[in-house]
J.: 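Provided herewith is a single structure, encoded as structure tokens, for subsequent inquiry.
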Number of protein chains: 2
Amino acid sequence: MMAGLPLAINIFIKLREDILRGRMKNGEKLTEQRICNEYNVSRTPVREAFRLLEQEGLIEMIPNRGAFVTGFLPQDIADMYDMRKEYEILAFKWAVERMTQEELEEIRNAYELMEFYTHKGDSVKAQDQNVHFHELIYKASHNKQLTRILTSYQYYTKLFKEDGDIEMTEEEDMEEVLKEHSEILESLEDRDAKRGVAVVRKHLESSKIRAGYGGFDD
Amino acid sequence: MMAGLPLAINIFIKLREDILRGRMKNGEKLTEQRICNEYNVSRTPVREAFRLLEQEGLIEMIPNRGAFVTGFLPQDIADMYDMRKEYEILAFKWAVERMTQEELEEIRNAYELMEFYTHKGDSVKAQDQNVHFHELIYKASHNKQLTRILTSYQYYTKLFKEDGDIEMTEEEDMEEVLKEHSEILESLEDRDAKRGVAVVRKHLESSKIRAGYGGFDD
DNA sequence: TTTACTACTATTGTATACAATTATATGTTA
DNA sequence: TAACATATAATTGTATACAATAGTAGTAAA
């Protein structure tokens with residue numbers, strides 16, 4: 001558990017991961033006492049965690065009855081890629097208008113680090129910079145709501161991808177991701193919203209396909 | 001308070017409204033005890049409500065320090081209209097693909113009721129059907145996440161509009177809204193995604209302008 | 001057997017009690 | 001006075017206790 005954070009937050013994070021990784025059956029009942037025993041905590045923080053899970057739509061709480069897991073279907077995951085795509089486009093547009101020079105430099109730095117680690121063969125650190133690159137664009141959009149939602153989408157799609165024993169992103173894929181990031185970076189540096197929207201759209205559509213959710217409705 | 005629901009949910013709803021209506025200063029500290037005294041409840045449900053407010057980005061909780069109100073700036077509200085617009089478009093697209101005949105009829109029914117109440121001069125009931133019309137489209141998109149987010153956006157923008165002593169939507173505005181809804185309904189009935197996206201976009205841009213957030217960045 | 005009622009158990013909802021941390025006030029020293 | 005240290009109070013974090021509701025088993029009557 002992350003030290004310093006309240007138990008409620010730590011329990012929320014753990015349970016969210018369990019649900020997203022499919023470790024709990026759809027419709028399964030979560031009794032508070034069971035979670036208390038598992039983590040050796042009292043019901044107070046567990047209840048707070050449950051409320052957060054409900055707000056995220058991962059469990060359904062029925063008053064006086066209990067909390068039930070609400071799983072994700074493949075279609076839901078495919079949909080989430082589309083929802084993320086629209087907001088990534090929005091974040092890019094606002095970043096073009098609102099980012100500071102310093103923020104642009106941070107983004108460029110994240111790109112270069114990802115390039116470095118990719119060519120070095122360190123796919124874990126390259127992945128970290130991949131995530132970081134996107135998060136810096138969210139930050140540069142200067143909108144907290146959008147940033148919060150996109151951050152959670154990124155986390156969700158990351159867990160889905162790692163789910164089901166699917167291998168980590170392939171070497172060749174990483175080169176493709178890198179190429180797409182370079183196009184996004186160029187568009188930002190040129191403050192070229194038109195091109196940027198096109199490449200961000202392409203990037204997210206590719207990532208949906210890479211994750212195996214291509215053939216659903218697009 | 002809504003009977004049947006847990007106190008935590010009722011307190012969350014009340015505090016959310018207080019914050020969105022601007023009844024609390026930006027940065028103001030919310031002590032748990034104060035809320036307990038105000039609503040005559042114990043700290044347990046208050047803390048659960050605080051967690052929900054934090055998740056929505058309406059307060060910031062600093063461990064061992066307390067909860068502080070995070071207000072909305074005009075720019076944030078303008079942004080939210082843009083975020084809502086993109087998801088309304090997505091909901092429309094998915095509704096065109098996924099709605100049942102029964103759902104289409106419910107939507108048509110809501111439109112006709114709004115038309116009836118508007119011409120009868122009952123703007124309150126007309127407003128209710130306005131909201132209902134949109135919510136039925138969310139439902140017809142068959143995506144719970146999207147539905148949940150759009151429902152909350154609708155609530156947010158509604159409170160912002162009612163804020164600051166601004167008059168209820170004008171008579172002439174209601175006619176305009178009605179006209180736009182009829183175009184959305186027609187597009188749904190024809191399952192014409194291309195036209196529908198255009199009219200939904202127009203509808204949301206108009207509503208942003210009607211609410212007074214037109215001149216921010218669009 | 002089926003239904004309805006009762007008693008009991010399990011679980012959730014809420015309040016309170018205790019622990020840990022932070023803020024405030026007081027006093028001391030340079 | 002200003003800076004620091006210490007004691008005290010206030011507030012949050014967590015655990016437990018009590019209340020209310022829902023589920024279950026068992027029994028009796030039809």
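To find a chain, count down the sequence lines: A is the first, B the second, and so on, and within it residues start at 1. Heavy-atom basis, side chains included; hydrogens, waters and symmetry copies ignored.
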J.: Heavy-atom contacts under 4.0 Å between residues 52-69 of chain B and DNA chain C, which residues?
T.: Asn64(B), Arg65(B)
J.: From CG of Leu7(A) over to P of dA20(C), roughly how many Å is that when rounded to an integer?
T.: 13 Å
J.: Could you state the atom-to-atom distance from CZ of Arg47(B) to C1' of dT11(D) in whole Å?
T.: 10 Å
J.: Is it true that Arg34(B) and Glu38(B) have a side-chain N and a carboxylate O under 4.0 angstrom from each other?
T.: yes
J.: When you measure from the side chain of Gln55(B) to the backbone of Leu52(A), do you find a donor-acceptor pair of N or O atoms at a distance under 3.5 Å?
T.: yes
J.: Roughly how many Å is it from CD1 in Ile11(A) to P in dG13(D), rounded to a whole number?
T.: 13 Å
J.: Report the distance from atom CD of Gln33(B) to atom P of dA10(D), rounded to the nearest whole Å.
T.: 12 Å
J.: Does Phe50(B) or Thr44(B) map to a spot on DNA chain D nearer the 5' end, using the closest nucleotide for each?
T.: Phe50(B)
J.: Base, sugar-phosphate, or nothing: which does Thr31(B) touch, judged by heavy atoms less than 4.0 Å apart?
T.: sugar-phosphate
J.: Could you give the CD-to-P distance, from Glu32(B) to dT21(C), as a whole number of Å?
T.: 16 Å
J.: Taking the minimum atom-to-atom distance to the side chain of Ser42(A), which one of dG13(C), dT12(D), dA15(D) wins?
T.: dA15(D)
J.: Measure CD/Glu48(B) against P/dT12(D) and give the value in whole Å, please.
T.: 16 Å
J.: Arg43(B) side chain: which of dA17(C), dA15(D), dG13(C) is closest?
T.: dA17(C)
J.: Taking the basic N atoms (NZ, or NE/NH1/NH2) and the acidic carboxylate oxygens, is any pair closer than 4.0 Å for Glu180(B) and Arg210(B)?
T.: yes
J.: Atom OH of Tyr39(B) and atom C1' of dT14(C): how far apart are they, to the nearest Å?
T.: 18 Å
J.: Looking at every strand, decide which applies to Leu30(A) at a 4.0 Å heavy-atom threshold: base, sugar-phosphate, or nothing.
T.: sugar-phosphate
J.: Show, in sequence, the C-alpha distance, side-chain angles and deciding distance for Leu188(A) and Ile137(A), and conclude whether the side-chain contact (heavy atoms from CB on, under 4.5 Å) test is met.
T.: CA-CA 9 Å; Leu188(A) 278 173; Ile137(A) 294 175; 4.1 Å; yes
J.: Going by an N to O cut-off under 4.0 Å, is there a salt bridge joining Arg51(B) and Glu54(B)?
T.: yes
J.: Can a salt bridge be assigned to the pair Glu189(A) and Arg108(A) using a cut-off of 4.0 Å between side-chain N and carboxylate O?
T.: yes
J.: Would you call Lys144(A) and Asp76(B) a salt bridge, using N to O less than 4.0 angstrom?
T.: no
J.: Rounding to an integer number of Å, can you tell me how far Asn40(B) CG sits from dT14(C) P?
T.: 14 Å
